[in-house]
There are 2 protein chains.
Amino acid sequence: MLELRHLRTLAALQETGSVSRAAKRIHLTQSALSHQIKALQDHYGLAIIRPRGQTVELTDAGRHLVALAGKVLEEIQATERNLAKMSERVSGSLRIALECHTCFDWLMPLMDAFRRNWADVELDLVPGFHSDPVKLLEEGGADVVIGSQSQQRRGIVHHPLFRFEILAVLAPDHPLRGKRLLRAADFADVTLITYPVPEDRIDLILNVLKPAGIHPHRRTAELTVAILQLVASRRGIAALPSWGIKNYVDHDYVIARRIGTHGLWSNLYASTLAETASRPYLRDFLATARNTCFATLDGVIPLEEKQTG
Amino acid sequence: MLELRHLRTLAALQETGSVSRAAKRIHLTQSALSHQIKALQDHYGLAIIRPRGQTVELTDAGRHLVALAGKVLEEIQATERNLAKMSERVSGSLRIALECHTCFDWLMPLMDAFRRNWADVELDLVPGFHSDPVKLLEEGGADVVIGSQSQQRRGIVHHPLFRFEILAVLAPDHPLRGKRLLRAADFADVTLITYPVPEDRIDLILNVLKPAGIHPHRRTAELTVAILQLVASRRGIAALPSWGIKNYVDHDYVIARRIGTHGLWSNLYASTLAETASRPYLRDFLATARNTCFATLDGVIPLEEKQTG
DNA sequence: ATAGATATATGAATGATATTCATGGATTTT
DNA sequence: AAAATCCATGAATATCATTCATATATCTAT
């Protein structure tokens, strides 16, 4: 018989387009989902997915169920929000600080949605980019810090958001365009265009270039579009999250290359004080943040709860 | 975490107004539901039900969840209907024959709903009341017979609908009004007002009066309202399903009394040929029939699948 | 072509957990 | 006061979802 777990599976399947990715997405094994789907298919006497090359695609019946899943899961989230509001007086603040410039892209629509759902919570974006997020939390300067580096400390909880790949961004006619992937040595003679943050906050430098003893010339820009503008104008190379540049790559404005054999990956966390972590509106914020990120951002991978750094 | 089984429980709880009745309704034990509800309450940190005398009532949070259950379960039924339509070419007929006059009351709205959902199925009501329903099915005169008596035969399936009580109906100033319940002897000198069917199709006569050797004078009427009119005019006593007379009793048009110490009960079945039983639209018809009956009819009790006669 | 990587399917074993059983306390009815 | 009815709950049971191990198929790369 149909249960919500089936609907959650179907929703994840739609979002990810593959059984194994969907399994990662909802923290189950590929086998579990495969069994679930088989059970549904046997129950209804209809195919829900159909092999499509190496992966699968939804059938007509599958799309019906996916549509149902969307509606139902949304309704459930809405009433669970209402219950959360009933369970305690929710007036509080959610001041968000960013460690990662690119996150603006997905944060803005998320904040809009949040404001609609939690009118009584004071929502704010802490201006500037801060060198010590943990300190910021402890001193009460912010309620959440969204960042890529999580230094463990008592009383601080790092909620995993997702794992993403950082790609090198080049002008379409850049001399290095022929390479399928870039290695540390390729950065020796280029200008690296980055956000205006210290070197130890830039993954490419910290994890790839510095260990190889390479110190390229740096140039900074505040906004992602400005960086891409400079890249396209052949002023240098940038390293940005894959989802942040997808649109520009798709339109051949720039090209993207993997960094190192397995790529340069980074994890994104939302960090809060332990006491903040239990607040219903914070939990809802995190849940919808993950949802919208997985739904809208490309090449984003779930992160285990226990995983660190 | 919330699952559909919780929502089904909540919906049943709303319909029945008590944990144990809800348990019967969905064929689980009272204990199971009690555990489910406790789990929900612990999960949300909110009371869902609150003791009210011997039974319980829904809290504010409970009503939120019940509302969710209503929406969600309805949406699921709708898409399951769609899937059923996809799984095979559904064009067929559903000709309904009635053994029980009173059933008109709840059958009409049900047929309207069915017509909307299964436009391609030829829906019809077989006129008249038939002495041998099994024969009617086997000869193809009807696809479903709704009746109270289920004679077992190969190739015929009796789908249980519900169990209900048959009450004696009296004029408010009838000499027997003082009795809390009527026994066979009380019927010795009264006129019994019934539908125009043979004696062996009237439960009161078959199971109560005949065994006691009592043969009251009979008078017949075609319609329920006509019977009640005669009763109210002190022309005699009738025996009708509790849910068929509820409105008239509530308005003091007539009064109702239990028959025998434990009451006179009857089971209602929908009988079909075995081959008809598997058709998706028939299954949907039965499901919504049960749903609407339990939701709208008063004092109606679920019937076990295996139970007979 | 062939090996390697990646994706899905599936039977058997495992593990989690929903349900039942047994029971006690509480309320209403006779 | 006793009987009947209802809900709550800890412990035992049973069910069934998930994992594990493994096989097959597809795509990629050398």
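Quick note on labels: first sequence line is chain A, next is B, and so on, each numbered from 1.
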Q: Would you kindly say whether A:S242 and A:E165 are connected by a side-chain donor-acceptor distance under 3.5 Å?
A: no
Q. Among residues 4-23 of chain B, which contact DNA chain C at a heavy-atom distance under 4.0 Å?
A. B:R5
Q. Does a side-chain heavy-atom distance below 4.5 Å link B:K24 with B:Q30?
A. no
Q: Would you kindly give the CD1-to-P distance between A:I49 and C:dA7, to the nearest whole Å?
A: 14 Å
**Q.** side-chain contact (heavy atoms from CB on, under 4.5 Å) partner of A:I49, chosen from A:T55, A:T59, A:L13, A:L40
**A.** A:L13
Q. Using 4.0 Å as the upper bound for N to carboxylate O, is an ion pair formed by A:R8 and B:E3?
A. yes
Q) Using a cut-off of less than 4.0 Å, is there contact between a side-chain N or O of B:T55 and OP1 or OP2 of D:dC7? A) yes
Q. Are any of the side-chain nitrogens in A:D173 or A:R177 under 4.0 Å away from the carboxylate oxygens of its partner?
A. no
Q) Ring centres of A:F164 and A:W243 under 6.0 Å apart? A) yes
Q | A:I37 CD1 - D:dT18 P separation (whole Å) | A | 12 Å
(Q) Side chains of B:T261 and B:R183 only: does a donor on one sit below 3.5 Å from an acceptor on the other? (A) yes
(Q) Between P on D:dT18 and CE on B:M1, what's the gap in Å once rounded to a whole number? (A) 12 Å
Q: Would you kindly give the CD-to-C1' distance between A:Q36 and D:dC16, to the nearest whole Å?
A: 12 Å
Q. What's the CG-P distance between B:L33 and D:dT9, to the nearest Å?
A. 15 Å
(Q) What is the separation between atom CG on A:D42 and atom C1' on D:dC16, rounded to the nearest whole Å? (A) 15 Å
Q: Please state whether the base of D:dT18 and the side chain of A:H27 form at least one donor-acceptor pair under 3.5 Å?
A: no
Please list, for nucleotides 22-30 of chain C, all pairs of protein and nucleotide N/O atoms separated by less than 3.5 Å.
residue : atom : partner : partner atom : Å
C:dT27  : O2   : B:Q54   : NE2          : 3.4

Q: Check the distance between D:dC6's P and B:L28's CG and give it to me in whole angstrom.
A: 17 Å
Q. Which nucleotide, C:dT19, C:dT10, D:dT9, lies nearest any side-chain atom of B:S34?
A. D:dT9
**Q.** Whole-Å gap separating P (C:dA18) and NE2 (B:H43)
**A.** 12 Å
(Q) Suppose the criterion is salt bridge (charged side-chain N to carboxylate O under 4.0 Å, His left out): which pairs have a residue in residues 67-81 of chain A, not counting sequence neighbours? (A) A:R81-A:D284
**Q.** CZ/B:R258: more than 12 non-hydrogen atoms of other groups inside 6.0 Å
**A.** yes
Q) So, do A:H35 and D:dT18 meet the stacking rule of ring centres under 5.5 Å and planes under 30°? A) no
Q: Look at the side-chain N and O atoms of B:T29 and state whether any lies under 4.0 Å from the OP1 or OP2 oxygen of C:dT20.
A: yes
